[in-house]
Amino acid sequence: MRPTPRAETFPVNTPAASQVFTTVLSQGPLARLEVARRAGLSPAAVTKAVRPLIEAGYLVEDADEAARPALGRPANLVRVDGGRALFIGVKVTGDEIIGVLTDLCCRIRVARHVPLPDRAPKVVLASIADLVKELLAEADGAQARTQDQDPVPVLGLGIAVSGDVDRGEGTVRYSPFLEWRDVPLAELAAMTTGLPVTVDNDVRALTVAEQWFGAGAGLSDFAVVTVGAGIGCGLVVHGRVVAGAHGVAGEIGHVTVDPAGRLCHCGNRGCVEAIAGEAAIVRQIREATGVELADAAEAVALAHRGVAGAREVYARAGEAIGRGIATVANLLGPERVIISGEGLAAYDLFAEQIREAFVAAAFGSAAQCDVLTRPLPFEEWARGAAATAIQSFIRADV
Ligand SMILES: [Zn+2]
């Protein structure tokens, strides 16, 4: 059995140390001078941050054999030792939970999907606890096979949930899809798993993964827009994922597109989500065609068959999403907007309308923002949750 509680902590809790570590994690291996340049720190500050991290085994420095000069020593490159620690990330959806075991470089070693029998916090928590146990057993099994001297510690668990999540408090304030209000998830999950727990909004967690390893790597300002059951948005401004003073930011799903429009579950009318969320699309197509659709997959199939009424619903949804994205571009001027989410299955049905509405509503050069689509499976969201756990581990201020 693994020892609990796991008390290992990051050796230096300074902003410079976490910045150096994150830079090497997302962009390494790098020479120290390059780390300094990219992190905007002095070489002396990098040396000061790197030393204890090398001593603790989180970073290693190897000779850069590829760049060996004809004379003298080759330059050294700093990289993260992925095998030094493990983390677990869990993404909770309405009907399943997806868990991944990652190394310190946030590379997925094992991924598991578990169906959720019920959305009640108690049931979800028990499923998370079982899944974590299974992933810990995987970690131990792999180590037994490799005959490691010391077991690699699992240093944190990240849980990503949709809705209004207070990461600092570890509380899910309101999750419409789970029908949760004020659930102290971090505290409850820490008690059942014995691990330090970070709870964050799922789109924000995905945004961390995109910032470190995905289409946002190296960008200081970008947005991730997810389309599916809900319409979500993660924002990175000046290199930081925006959480908002009250835990809510980037809620483009609740930008008003039509004040006299359909009622949204948030209580307002004509929100992007009330027009373009999956449930809204299914409802509108049912009304327009009279076909009793079971779910979004059937709605997509109907529209692909060219059934009158169904295509129009997708066209209006695309227009609403495009206007929502233009609102983000007008307010923040991101370099790039990454569109993802399970709703991408319908993307060909509304891509043109998204693009047209975006260009029409974006002001001036905001329209130059690069809009790209990127299918990201739920494992990637769970990986984002693991990234938030790594973030909490290395950062003093979150
Ligand atoms: Zn709304």
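Side chains are part of it too, since the values below use all heavy atoms of this structure and drop only hydrogens, waters and symmetry mates. Order of listing sets the numbers, starting from 1, for every ligand and every atom in it.
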Q: Between Glu319 and Arg316, does at least one N-O distance fall below 4.0 Å, as a salt bridge requires?
A: no
Q: For Asp81, check salt bridge (charged side-chain N to carboxylate O under 4.0 Å, His left out) against everything at least two apart and list the hits.
A: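 Residues passing salt bridge (charged side-chain N to carboxylate O under 4.0 Å, His left out) with Asp81: none at all.
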Q: State whether Asp258 and Arg269 are salt-bridged, where the test is any N-O pair (Lys NZ or Arg NE/NH1/NH2 against Asp/Glu carboxylate O) under 4.0 Å.
A: no
Q: Kindly write out the residues that satisfy salt bridge (charged side-chain N to carboxylate O under 4.0 Å, His left out) with Glu134, not counting sequence neighbours, or none if the list is empty.
A: Arg112
Q: Any ring-ring contact (aromatic ring centres under 6.0 Å, His included) involving residues 100-133? Give me the pairs, sequence neighbours left out, ordered by first then second residue.
A: none
Q: Assess Arg395 against Phe21: is NZ or CZ under 6.0 Å from the centre of the six-membered ring, and within 45 degrees of the ring's axis?
A: no
Q: Taking 2.8 Å as the upper limit, name the protein N, O or S atoms near the Zn ion (ligand 1).
A: His254 ND1, Cys264 SG, Cys266 SG, Cys271 SG
